[in-house]
Structures are given as C-alpha cells and as structure tokens.
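All of these numbers come straight from a predicted model, not from anything done at the bench. Residue indices begin at 1 and follow the sequence shown.
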Amino acid sequence: MRRTRGVNKAPAWRWDGPVSVIRLPLVVDEQAAARLGSLFFAMFCLKRTVQREARSRTEAFWAGKRRREADAAAWRREVGLTRPDLARAAYAHLDASGWLRHHATKALALHQADEVWTGVERHLFPDASGKRAGRPRTGSWWEYTRIPGRARSHTTARKWETFRLHGSLQGHLDAWRHPALPAQIATPAQAARLNPETSVLAQPRRMPAPLPPVGRGGRSSWWEHDGALTLVFTGGPDSKRDEIVLPVRLPQGAGRWRWLRHFLDRPHLWHKIDLVRRPHPAAPGGWVYEAHLMVLDSGYTSPATLERRRQAAAVGRIGGVDLNVGNLSVASLPATLYPADGPVLADQIVLTDLERTAVERERRTTRRRARALERSRRANNKARYELSRRQRRRQQRRQAAGLPERHVALPKGPRLADAAGRPLTSHRKDRITGGYRMLRTRIRVRQAGRTQAKHDRAKRVAERITAAHGVRLTVEDGPVSSWFRLWGRACAVFTPGMLKEALAVECSAAGGRLGRASTFTTALSQHCLCGQKTSKSLADRVHRCPSCGLAADRDLVSAALGAFVTWTDPSDPKTASVDFSSSRHALGVFGPGLQGALTESTATRPHPARTGGGGRRGGSRPQGAASARPIPERQRRRPRTGTLHGSHRTDATGHRTVSATLKQALG
C-alpha cells in the first residue's frame with residue numbers, strides 16, 4: 001500500500017496585510033548567463049506544454065455542450081480543467097523529459113502551472129461585470145520574462161524551495177563600503193542619515209560571487225551566510241553542477257538607503273522571489289536579470305511625500321477635472337464656497353512647443369529604425385518577398401535589351417501570400433541576423449524607457465494637481481480606450497488613461513478620492529453653471545450661455561461643474577448628478593472672478609524654461625504677469641495633441657497666478 005502524508009493538523013499560515021515588491025539587479029557573468037538562459041528555456045518549454053494542455057482541455061470543455069449544461073463543475077473535473085490537474089500535468093511532463101530535470105524543480109513546475117491556471121480561470125469564470133478573458137493561448141519566447149518562485153515557509157526556519165536570498169544589508173555594507181566613508185558610519189541606519197550625494201558603497205562592475213561559509217561538520221552552508229546579499233538557486237534535481245550564485249547590486253548613494261532599509265533590513269518579512277529578465281543589448285546573452293523580492297509590508301513612502309500629501313489633504317478645496325485627448329483642465333473652489341476662504345483656481349496642462357519638437361523627433365527615429373528592421377529582414381529572406389513594380393519593370397527592360405539579369409539585394413514588393421492574403425511562410429521562420437536582434441533589443445529598451453517616463457510624468461502631474469487643488473476631485477467616467485481608435489497618436493503622446501489612474505492613486509493616498517461621474521447622467525460639457533443646458537459639438541471649444549451670459553473655455557467650465565457633482569452611491573458612476581443650486585450659488589458669490597478664472601486660463605501659453613544663468617528663453621513675459629490684451633479666438637481652441645508640462649492659473653480677481661509648488665515643479 002502506498003504511504004502518503006497525513007492531513008496537516010497545524011493551522012494554515014495566512015497573510016491578509018499589504019505586500020510590496022522591490023527589484024534587485026543581479027550581477028551575471030557569461031557563465032551564469034548561459035545557465036540562466038538554459039533555465040529560462042527549460043521553464044518556457046514546460047509552460048508552453050502546459051498551455052497547450054490547457055488549451056486543448058478548454059476546447060473539449062466548450063465542445064461538450066450537454067455535459068456542461070447538466071453539471072459544469074463535474075464536466076470540468078472530467079476533462080481535467082482544474083488547478084490540481086494542471087499541476088499533475090506539469091509534473092508528468094517534468095518526469096517524462098529527462099533534460100528538464102537538469103534545470104527545473106517540481107516547485108517551479110507547480111507555480112508555473114498555477115500561473116497558467118490563472119489565465120484559464122479568468123476565461124472560465126466571468127468577473128463582477130460579466131466579462132470573460134479570451135481562451136488561453138501559447139506565448140512566445142520573447143514574451144517569457146518571469147519565472148515565478150515559491151513563497152518561503154513562515155512557520156519552518158530555513159525553508160526556501162526555489163530562489164533564496166542570503167545575506168543582510170549590514171553584511172552588504174561591510175563587504176562593499178566606500179573607502180571615503182567615515183569610520184563612524186557602521187550601520188545602515190547611520191548611512192541613511194547621510195547627505196543624499198554621499199557615496200556609501202563601492203561595488204565593482206564585475207562583483208565576484210561569494211563563497212558559502214563553512215558550517216557544522218566542515219560542510220559549506222548558505223544558511224550561515226551573513227555577508228553581501230546573494231541570490232542562490234540549487235538547480236534541478238538531476239543537475240550535476242554547482243548552485244547558481246548571483247550577487248546583488250544595490251544603489252550606492254545614501255539617498256536610497258532609507259528605501260533599502262524599509263525592504264531589506266527586516267528579513268523576517270521576505271516572502272518570495274521571482275526571477276525576471278529584461279532585454280538589453282549590452283548585457284551577456286542580450287538579457288539583464290533581476291530578482292523581484294516580495295515583502296509582507298506596504299511600499300516605502302518618504303517623509304517629504306507624507307508631508308506633501310498631508311498638506312494636499314489640508315487644502316480644503318473641491319474641484320473637477322476635464323480630461324481630453326490633448327489637454328487636461330482643472331478648476332477648484334473653496335469647499336465652503338466663500339470667497340474669503342480662497343479664490344477660484346483654474347489650470348490647463350498642454351503640450352509645449354519644445355515637447356512637440358521632441359515628439360516629432362522621436363517619431364522620426366522610430367520610423368527610421370522600423371525601416372532598418374524591415375530592410376534587414378527582406379535582405380536575408382529574399383525568396384519570401386516579391387519584387388516591386390519598379391524592380392519588375394527594370395528587369396523587363398534589361399531583358400528586352402539583351403542585358404544580363406541584375407541581382408536584386410533588397411526586394412521591395414509585398415510578402416508572398418496565398419489567394420486569401422495569408423503569408424505563405426510565417427515571420428517567425430525567417431532568418432534574422434545578429435544585427436537585427438541587436439537593433440530590435442535597442443528598440444524594445446527605448447520603448448520601455450519611454451513608457452516608464454510617461455508613468456513618472458503622470459505621477460508628477462498628479463502630485464502637482466493635488467498640491468494646488470486638493471484631493472477631492474471629480475472626473476467624467478469616459479471611455480478612454482475608445483479614444484485610441486480615433487486619436488491614437490495623440491493619446492499615445494498625452495496618455496490620458498495614465499493621468500486618470502495616477503490622479504486617482506494620488507488622491508486616495510492623501511486621504512481623498514477621485515470621484516467618477518457618468519457622462520449620461522451629468523453631461524458636464526453640455527451644461528452651464530447656472531443649470532442651463534447649452535448643447536455644443538466637439539468643434540465648439542468656447543462655452544457661451546444665453547441665460548447667464550457666461551463665456552469661457554468649454555473644458556474649464558466642465559471642470560468647474562465637476563466640483564458640484566454628488567452621488568447616491570459613490571462607487572457607482574451612474575448615480576452621479578450635478579447640484580445646480582450650489583453651482584448657481586458659487587456663480588453669484590464669486591461673480592466676475594469665476595468667469596475671469598475660466599476665461600483667462602484658456603490662453604495656453606507655456607511657461608518659459610529657465611536658462612543656466614537664471615534668465616529666460618525668448619522674450620516672453622514673466623510668470624504671474626497680468627494679461628491686458630484680449631485673447632484671440634484661435635488661441636482659445638483646444639490643442640490637438642498634448643503632454644503634461646504647460647500650465648497656468650487665474651485667480652478670482654482675473655490676474656494670473658502660479659502657486660509655489662507649480663513654480664518649483666515647472667521651473
């Protein structure tokens with residue numbers, strides 16, 4: 001009789017608190033890069049096999065209509081479409097393939113199967129809105145960038161079944177402390193109090209892998225290692241090579257040591273490690289590797305950020321946000337609706353001329369590199385492309401003149417396809433060169449950098465908005481994704497979706513809320529502050545009310561109306577409505593100042609940049625100067641595209657003002 005382990009009588013360990021992730025760069029030499037490449041390839045093959053199993057079982061589940069309608073759960077168990085069944089399939093493939101056991105372990109196979117099951121579960125079971133994900137598909141090699149690790153045991157000491165992190169922050173400081181660091185700086189807490197420009201560590205470019213200390217009985221054991229931080233993986237059960245030992249590289253300046261102490265100075269909160277790779281043209285093998293350490297605690301927040309959010313929560317203002325394809329308009333009033341408590345503030349954030357130039361330059365670079373990739377692919381796969389019309393005519397002329405046929409190095413016609421337009425040969429079977437791979441990696445790295453820059457920029461803009469207008473804001477719950485079908489290029493530049501999410505996160509972190517109002521129940525852009533409905537098309541960028549005589553920018557009026565939105569259920573945008581009695585009261589109390597704030601801010605004049613000597617570029621007026629001349633109608637139109645840096649404000653007296661926070665952020 002087969003012996004099995006009994007039921008665990010101890011209560012299962014659970015964690016319901018917050019979690020956060022820190023990225024630790026790993027130092028990988030050529031030998032370690034080869035082993036990691038083999039590990040990623042083995043895990044990719046295992047995941048692809050499990051994905052194919054899940055796909056076929058999903059097809060069988062949907063094919064059995066009668067069985068599914070009778071008892072869907074029993075039918076899923078019969079076709080093997082459950083989490084334990086996918087785990088057993090991964091185990092079976094790992095045991096059946098001898099070479100996989102040299103690299104992967106059963107713990108890695110289990111969590112790879114769990115990752116596949118997550119996609120299958122989203123397809124089988126709809127979410128709260130009734131939507132399902134698509135059927136599971138087989139991923140490609142270039143999309144496979146993460147090997148999920150298994151969580152360490154929090155009840156048994158020294159139990160990590162996959163990737164392990166050994167060492168301590170104190171040991172890392174002792175091993176790689178900077179020679180110029182004062183001798184009295186001996187602990188991470190003391191290093192965190194230094195000037196941010198002070199160098200704490202001096203890590204070489206090629207950090208040697210530390211040796212495991214000698215434990216009891218003269219045997220080497222990583223569990224006694226208390227030196228520099230190091231990632232260790234034992235390899236597969238049939239592996240005859242040593243463990244994979246990868247040193248960790250930490251930031252060397254003192255400005256990051258508070259952040260490091262929050263995550264790395266409490267080893268009892270370490271939970272699990274995922275091994276992640278990113279393409280990089282200068283790295284060995286074309287990839288850089290990172291260890292994503294999950295910590296059982298919330299993320300680090302600096303004291304300056306906490307103070308800024310505390311001040312934003314104490315602003316005491318209510319406002320609205322009007323988000324468009326090419327600009328962002330914000331208008332706010334004091335929460336008490338009394339002019340003595342503060343003026344009406346209005347901001348518009350648009351694309352500056354310098355940013356337009358940078359965007360066009362980036363587009364030209366992208367097109368040039370895309371053409372270089374296409375030329376390289378065509379030159380190395382000539383038989384799979386047709387000649388262009390011009391190239392065919394040239395060959396016909398040479399043939400008619402009796403000249404020898406000229407060799408065509410680069411066919412410029414379409415790809416060979418069947419009658420339905422499908423390529424005869426898949427692109428993944430094309431022959432590509434090392435230069436092609438290098439250029440493609442550079443493009444991916446550049447795109448990843450641009451995406452990260454957009455996220456950081458959206459976060460900075462959200463911080464500036466909440467610092468000036470408070471954390472009680474309202475935005476229309478519009479379909480941002482549908483804008484890409486009409487204005488894809490402008491949306492890619494301005495990133496309205498990123499802006500909305502960053503603003504929601506910042507408001508929530510400061511103790512406020514970004515309310516979402518349905519456009520069907522509020523129609524902010526089609527109403528006036530007095531309550532009169534003023535229908536406008538998208539081409540009408542100026543709001544003119546025949547009832548109260550308010551003439552202002554359409555986007556700023558819509559943003560001002562957002563300050564007076566109320567909800568029956570704050571979590572449901574469809575229950576939103578506009579309190580026009582409060583808006584009429586504000587229109588009467590603030591008087592001409594309200595109209596002046598919503599009118600003057602339509603002149604989208606970007607702030608001039610500061611030069612090195614403290615001067616300003618060009619001959620534009622200084623910030624804060626009053627606008628005495630009338631604003632032409634053409635300047636009141638909304639720009640077609642925009643990013644996030646041009647901003648200006650008008651107070652209730654009709655004069656332009658810029659807060660100290662915006663002055664410091666915008667230069």
A side-chain contact here means heavy atoms from C-beta on lying under 4.5 Å apart; do [X] and [Y] qualify?
X: Leu246; Y: Tyr289; answer: no
X: Leu36; Y: Trp287; answer: no
X: His123; Y: Trp62; answer: yes

List the atom pairs, with distances to 0.1 Å, where a side-chain N or O of residues 47-57 and a protein N or O form a donor-acceptor pair under 3.5 Å, not counting sequence neighbours.
residue, atom, partner, partner atom, Å
Lys47, NZ, Glu115, OE1, 3.2
Thr49, OG1, Cys45, O, 2.8
Gln51, OE1, Gly139, N, 3.1
Glu53, OE1, Arg57, NH2, 3.4
Arg55, NH1, Pro136, O, 2.9
Ser56, OG, Arg52, O, 3.3
Ser56, OG, Glu53, O, 2.9
Arg57, NH1, Gly80, O, 2.7

Determine whether Ser558 and Asp555 satisfy the following criterion, side-chain hydrogen bond (donor to acceptor under 3.5 Å, both in side chains), listing intermediate values before the conclusion. CA-CA 5 Å; Ser558 177; Asp555 300 331; over 6 Å; no
Short N-O contact, Arg66 and Glu69, less than 4.0 angstrom: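 Salt bridge: no.
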When you look at Glu143 and Arg137, which way does the salt bridge (Lys or Arg N to Asp or Glu O under 4.0 Å) test go after all the steps? CA-CA 12 Å; Glu143 296 174 350; Arg137 66 180 184 87; 3.3 Å; yes
Carefully, step by step, assess Tyr91 and Leu110 under the rule side-chain contact (heavy atoms from CB on, under 4.5 Å). CA-CA 7 Å; Tyr91 287 162; Leu110 171 65; 3.5 Å; yes
Which residue pairs satisfy the salt bridge (charged side-chain N to carboxylate O under 4.0 Å, His left out) criterion with at least one member in residues 117-129, sequence neighbours excluded?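 Passing the test, one end in residues 117-129: no pairs.
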Please determine whether salt bridge (Lys or Arg N to Asp or Glu O under 4.0 Å) holds for the pair Arg516 and Glu501, giving the CA-CA distance in whole Å, both sets of side-chain angles, and the decisive distance to 0.1 Å. CA-CA 11 Å; Arg516 300 175 185 263; Glu501 294 302 323; 3.4 Å; yes
Write down the atom of [X], the atom of [Y], and the distance for their closest heavy-atom approach.
X: Leu328; Y: Phe494; answer: N-CZ, 3.6 Å
X: Val27; Y: Arg205; answer: CG1-O, 4.1 Å
X: His103; Y: Phe233; answer: O-CE2, 3.7 Å
X: Trp75; Y: Ala60; answer: CZ2-O, 3.5 Å
X: Phe163; Y: Gly149; answer: CD1-CA, 4.2 Å
X: Arg375; Y: Leu410; answer: O-CD1, 3.3 Å

May I ask you to decide if [Y]'s main-chain N or O and [X]'s side chain share a donor-acceptor pair within less than 3.5 Å?
X: Arg377; Y: Ile432; answer: no
X: Arg76; Y: Leu81; answer: yes
X: Arg384; Y: His427; answer: no
X: Ser388; Y: Lys412; answer: no
X: Arg83; Y: Trp117; answer: no

Mark yes when over 12 heavy atoms from residues, nucleotides or ligands other than Arg23 sit less than 6.0 Å from its CZ; otherwise mark no.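 For Arg23, atom CZ is not crowded (no more than 12 foreign heavy atoms under 6.0 Å).
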How about CD on Glu360, more than 12 heavy atoms from neighbouring residues, nucleotides or ligands closer than 6.0 Å, or not?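 Check passes, neighbour count above 12.
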Spacing of [X] atom [atom1] and [Y] atom [atom2] [to the nearest 0.5 Å]:
X: Leu108; Y: Met43; atom1: CG; atom2: CE; value: 4.5 Å
X: Ile465; Y: Asp347; atom1: CD1; atom2: CG; value: 7.5 Å
X: Leu561; Y: Glu476; atom1: CG; atom2: CD; value: 9.5 Å
X: Arg394; Y: Gln396; atom1: CZ; atom2: CD; value: 12.5 Å
X: Ile443; Y: Arg440; atom1: CD1; atom2: CZ; value: 9.5 Å
X: Arg457; Y: His455; atom1: CZ; atom2: NE2; value: 10.5 Å

Geometric cation-pi criterion, Arg277 with Trp141: 6.0 Å, 45°: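 Yes; both conditions hold, so Arg277 lies above the ring face of Trp141.
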In a check of side chain to side chain contact (heavy atoms under 4.5 Å, CB included) between Asp456 and each of Lys454, Arg460, Lys459, which one passes?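 Running side chain to side chain contact (heavy atoms under 4.5 Å, CB included) over Lys454, Arg460, Lys459 with Asp456 returns exactly one hit, Arg460.
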Check the orientation of Phe41 and Phe44. Use parallel for under 30°, tilted for 30 to 60°, and perpendicular for over 60°.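 If you compare the ring of Phe41 with that of Phe44, the planes turn out tilted.
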